[in-house]
Amino acid sequence: MRLLPILGSEQPATALLDGRLRDSHNRTITDLRLSVTDRCNYRCVYCRTGEEGAQYSELPIVDYTRILRVFVSLGIEKIRLTGGEPLLRQGLLDLIRETAQLRPAFSDAPLDIALTTNGHLLAPLARLLREAGLSRITVSMDAVDPETFTRITRVPGSFERVRDGIRAAQDAGLGPVKVNCVLMRGFNDSQIEAFAEFSRNEGVIVRFIEFMPLEEGRTWAPETVIPMEEIVTRLNAVRPLVELPPNHISETARRFTFEDGRGEIGIIAPVSRPFCGHCSRVRLTSDGKVRTCLFSQSDHDLIGLMHRGASDEDMRSWIHRVIERKEARHHIGEPGFLKPSRSMVHIGG
């Protein structure tokens, strides 16, 4: 029996053009962030309170595989596996192998499969991830000073594990590795210049991210944000920066290198310089809910639809209707701003 349409009976006009996912703001959706677990082995102070563990369930790998197949048929070209900490997830290598067999519906290029990890478990897995079909890797790393790093993660000895994981990923062919650092005033902003040297010495792309109101403890305040202009000024004092062109129109980071061409710095500034106008992303939580924006106030229950017997075509039509209603932008810093219904760790980056 065919399911009744959800979110209205009319098929949006954008869905009739060529089958690609487009929202009502004429943005084409090509990037999917898939969280494969809500669990994490770190308790980073800007993310988790440390008082609660996982709050949401995980789907069987076979369910994620089917959902990915449907999304790729709608024009998804980049898939990023996230968590929690995705390297904790049993069956992750099988999921990557299955995903690597998919081919984008509207591009001749191979599917881009990336993974974001805290790096703690990365060193022994890096080569296996590459052999399974992973294209790229991003490591979340918020300090290059071991003491500061431990204070952030609340896991002793964690810096050396992560550094070794980055090097193993590079050796396995997953480079250049991207290293994401969430900056917080008075906490790790002393690390900016040190990260510039880390990029130059280790051959990684360091990306500074403005602290967003997505933390579990709900302690965010505007004064904790280090804006892009301040980061650029401090880096220029170390060595003059040269801006690089974006790799694509929906890229979230402003890219820089130094005047001698060694090292690359990206700055992701969703608070001071929002980039919503070119957003190409949609997210799927570990428990199978679609989120059209990090700051959405609600989830869309794709796994519920699937478990009620939806065909792939039912799922495609449903996803089109959800994407049609994707938010135009976030409203951080504006009067009446509401924090999202889930914190970042329960959404997936």
Side-chain angles (χ1 to χ4, degrees), residues 44-47 116 118-119 136-153 158-160 162-167 169-170 175-215 219-276 278 332-333 344 349:
C44 296
V45 295
Y46 65 87
C47 182
T116 297
N118 61 33
R136 299 180 292 117
I137 203 154
T138 298
V139 176
S140 298
M141 181 181 184
D142 298 308
V144 291
D145 169 64
E147 183 178 341
T148 304
F149 193 84
T150 297
R151 190 166 75 249
I152 292 172
T153 64
S158 49
F159 171 77
E160 290 78 10
V162 176
R163 182 201 58 204
D164 292 347
I166 290 171
R167 292 174 176 173
Q170 290 172 312
V177 173
K178 291 181 180 177
V179 173
N180 283 353
C181 171
V182 176
L183 286 173
M184 297 160 284
R185 190 176 303 282
F187 203 83
N188 68 339
D189 52 324
S190 63
Q191 300 291 291
I192 292 174
E193 293 81 0
F195 263 115
E197 291 306 311
F198 188 79
S199 171
R200 292 168 60 80
N201 294 336
E202 297 287 337
V204 299
I205 299 170
V206 169
R207 302 197 303 180
F208 295 114
I209 304 175
E210 291 181 344
F211 183 34
M212 292 179 285
L214 288 161
E215 77 291 5
T219 58
W220 182 89
E223 55 268 23
T224 61
V225 177
I226 316 271
M228 187 177 85
E229 290 80 0
E230 181 176 337
I231 299 169
V232 169
T233 298
R234 287 179 56 174
L235 290 174
N236 265 316
V238 174
R239 192 178 295 268
L241 289 174
V242 177
E243 187 159 7
L244 296 170
N247 290 310
H248 47 80
I249 191 172
S250 63
E251 186 164 47
T252 57
R254 291 277 295 275
R255 301 171 60 234
F256 301 87
T257 188
F258 296 96
E259 61 177 353
D260 62 357
R262 282 185 59 207
E264 181 175 331
I265 303 294
I267 303 176
I268 301 175
V271 178
S272 65
R273 295 197 178 189
F275 39 78
C276 304
H278 297 297
I332 298 174
M344 184 68 160

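Just so it is clear, the model here is predicted, and its values are computed rather than measured.
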Looking at every heavy atom in both [X] and [Y], which two are closest together, and how far apart are they?
| X | Y | answer |
| --- | --- | --- |
| P146 | F159 | CG-CD2, 3.7 Å |
| P176 | G203 | CB-O, 4.1 Å |
| N118 | V139 | O-CG1, 3.9 Å |

For [Y], is there any backbone N or O sitting under 3.5 Å from a side-chain donor or acceptor partner on [X]?
| X | Y | answer |
| --- | --- | --- |
| R234 | D189 | yes |
| Q191 | D145 | yes |
| T257 | G263 | yes |
| S199 | I205 | no |
| E202 | R163 | no |

Practice item. Report the C-alpha distance between V204 and F198 in whole Å, list the side-chain angles of each, state the deciding distance to 0.1 Å, and finish with yes or no for side-chain contact (heavy atoms from CB on, under 4.5 Å). Key: CA-CA 8 Å; V204 299; F198 188 79; 3.8 Å; yes
Just wondering, do [Y] and [X] contact through their side chains at under 4.5 Å, heavy atoms?
| X | Y | answer |
| --- | --- | --- |
| F256 | L235 | no |
| T224 | F187 | no |
| R262 | F258 | no |
| R239 | D260 | yes |
| E197 | V238 | yes |
| E210 | I267 | no |
| R151 | N188 | no |
| M141 | S158 | no |

Check your understanding: Hey, is CD on E147 packed in by over 12 heavy atoms from elsewhere, all under 6.0 Å?
Key ->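 No, CD of E147 has 12 or fewer neighbouring heavy atoms, counting only those of other groups under 6.0 Å.
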**Study point:** Name of the residue among V182, I226, L183 meeting side chain to side chain contact (heavy atoms under 4.5 Å, CB included) with F211
**Key:**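 So the option named by the test is V182.
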Practice item. Inspect the contact between E243 and R254 and indicate whether a charged nitrogen and a carboxylate oxygen are less than 4.0 angstrom apart. Key: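 A salt bridge is present here (some side-chain N lies under 4.0 Å from a carboxylate O).
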Check your understanding: Would you call R255 and E264 a salt bridge, using N to O less than 4.0 angstrom?
Key ->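 Salt bridge between R255 and E264, a charged N being under 4.0 Å from a carboxylate O: yes.
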Review point. How many angstroms lie between atom CE of M184 and atom CD1 of I152, to the nearest 0.5 angstrom?
Key: 5.0 Å
Check your understanding: How long is the gap from OG on S140 to CD1 on I209, to the nearest 0.5 Å?
Key -> 7.0 Å
Practice item. Check the pair F195 / I265 against side-chain contact (heavy atoms from CB on, under 4.5 Å), numbers first and verdict last. Key: CA-CA 9 Å; F195 263 115; I265 303 294; 5.8 Å; no
